[in-house]
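In what follows, chains carry the letters A, B, and so on, assigned in the order in which the sequence lines appear, proteins first and then strands, with residues in each chain numbered from 1.
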Amino acid sequence: MSLLNLQDVEMADAFRADGKIYVVVAVVSIVVIGLIAYLFSIDRKVSKLEKEIKK
Amino acid sequence: MRKIWWKFLAAGLLLYTVIFGLIGEVPRQPILNETIRNVYFHVPMWFGMMALMISSLVYSIKYLRNGQVQDDVYAVEFANVAIIFGVLGFITGSIWGNYTWGDPLPKDPKIIAVEVGLLIYSAYFVLRGSFEDEQKKARLSAVYNIFAFASFMPLVWILPRLTDSLHPGNGGNPAFGKYDMDSNMRMVFYPAILAWILVGVWISSLRIRIKLLNNHLQDNL
């Protein structure tokens with residue numbers, strides 16, 4: 001396929017040009033950060049239990 | 001499990017993957033269009049599943065060698081999380097396939113192989129559920145786990161390559177690594193794989209620790 005044809009392939013170029021893509025990036029990042037923070041908090045709880053049981 | 005740095009590494013890589021998976025440059029491919037970004041999220045599920053299955057296998061072999069209950073717990077929980085990753089990979093794959101191949105579940109050798117493989121693995125849990133005696137349960141399921149792994153790998157990696165498959169890298173289809181993925185994509189794809197493997201190991205480790213605590217409590221009651 002020639003380069004010209006490749007430029008015809010429809011992509012979300014306008015979405016990117018608007019900068020609206022960053023809205024999506026922000027939302028997804030918050031979700032991921034939230035889930036990771038939750039994992040860390042579960043991790044801490046398990047550690048606490050382990051310490052208590054060892055006593 | 002006391003070391004924490006790899007958890008931060010997992011978190012950082014995951015965040016990096018999500019951000020650059022959305023804003024990074026991707027090749028312009030007809031039909032795939034922007035959905036090529038699914039490579040960053042669908043494929044790592046399978047890599048995560050494989051890594052966890054290998055860990056599960058290692059601990060099953062360890063259990064058979066020395067009979068430590070702890071190793072059995074490791075094997076089960078790794079397999080548990082591996083199945084979760086497999087199911088997620090399966091669902092995401094069928095959504096992606098629906099819009100690019102025109103069918104959520106085309107009769108593709110790789111999909112059928114994975115269906116069979118996941119069923120073989122679910123039998124592992126059915127088998128475990130059917131024993132009262134803990135030792136017998138652990139020993140037989142460890143043996144079955146080795147069998148499950150030994151049948152899963154050729155099903156998914158070898159058989160689809162012998163015939164025609166829609167999946168890249170199978171049956172004469174070029175793999176993503178060769179033609180479709182450029183260096184921009186690789187910069188996100190490889191970290192994504194590592195990130196999801198680490199997250200999988202992390203979740204498994206939590207499950208293992210909870211299970212061990214539970215066992216400890218039951219022994220002391």
Side-chain angles (χ1 to χ4, degrees), chain A, chain B residues 1-4 6-37 40-41 77 81 179-180 182 192 195-196 198-221:
Chain A
M1 202 185 284
S2 73
L3 207 68
L4 197 81
N5 277 340
L6 282 176
Q7 282 307 316
D8 290 340
V9 173
E10 208 174 301
M11 302 293 262
D13 293 320
F15 190 51
R16 262 150 240 291
D18 285 354
K20 288 252 169 63
I21 183 71
Y22 296 107
V23 181
V24 182
V25 172
V27 169
V28 178
S29 306
I30 297 283
V31 171
V32 170
I33 291 171
L35 284 176
I36 294 277
Y38 189 50
L39 263 183
F40 271 115
S41 95
I42 298 174
D43 202 310
R44 239 200 340 262
K45 274 185 190 140
V46 176
S47 298
K48 229 182 255 169
L49 275 178
E50 278 170 342
K51 261 181 220 150
E52 250 170 66
I53 277 196
K54 260 194 198 132
K55 269 182 205 162
Chain B
M1 264 178 265
R2 304 289 157 257
K3 292 211 172 66
I4 200 172
W6 61 272
K7 291 169 185 168
F8 284 104
L9 179 69
L13 284 177
L14 196 60
L15 204 58
Y16 165 84
T17 311
V18 168
I19 294 171
F20 286 90
L22 290 174
I23 62 178
E25 285 280 324
V26 291
R28 292 173 167 263
Q29 299 267 354
I31 300 171
L32 276 175
N33 306 99
E34 294 278 355
T35 70
I36 196 165
R37 291 174 199 278
Y40 305 141
F41 304 102
E77 299 304 346
V81 182
Y179 303 104
D180 297 344
D182 59 11
W196 284 107
L198 288 177
V199 169
V201 173
W202 188 2
I203 297 174
S204 318
S205 82
L206 287 174
R207 288 190 61 114
I208 291 163
R209 287 161 70 188
I210 293 172
K211 189 78 196 283
L212 289 176
L213 284 174
N214 198 23
N215 284 357
H216 186 88
L217 276 179
Q218 300 216 312
D219 288 346
N220 292 343
L221 276 184

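The closest side-chain heavy-atom distance from A:D43 to B:R209 is below 4.5 Å. With contacts defined as side-chain heavy-atom distances shorter than 4.5 Å, the pair B:L212/A:E50 does not qualify.
Heavy-atom distances place both the backbone and the side chain of B:F8 under 4.5 Å from chain A.
Atom-to-atom distance recorded for A:I36:CD1 and B:L14:CG is 5.0 Å, nearest 0.5 angstrom. Rounded to the nearest 0.5 angstrom, B:I203 CD1 and A:L39 CG are separated by 5.5 Å. Separation of atoms CD1 (A:I21) and CD1 (B:I23) is listed at 8.0 Å; rounding is to 0.5 Å. If you take CD1 on B:I4 and CZ on A:R44, they are separated by 8.5 Å, rounding to the nearest 0.5 Å. Atoms CD1 and CG, from A:I30 and B:L15 in turn, are 9.5 Å apart once rounded to the nearest 0.5 Å.
Legend: residues meeting ring pair (Phe, Tyr, Trp, His ring centres under 6.0 Å) with A:F15, ordered by chain and number and at least two apart, are absent.
Ranked by heavy-atom pairs under 4.5 Å with chain B, the first of A:V32, A:V28, A:I53 is A:I53. When each of A:L49, A:V25, A:I33 is scored by its heavy-atom pairs under 4.5 Å with chain B, the top score falls to A:V25.
With B:N33 contributing its side chain and A:E10 its backbone, the two residues share a donor-acceptor pair below 3.5 Å.
Each side chain to side chain donor-acceptor pair (under 3.5 Å) pair with one or both residues in residues 16-36 of chain A, not counting sequence neighbours, appears once here: A:R16-B:E34.
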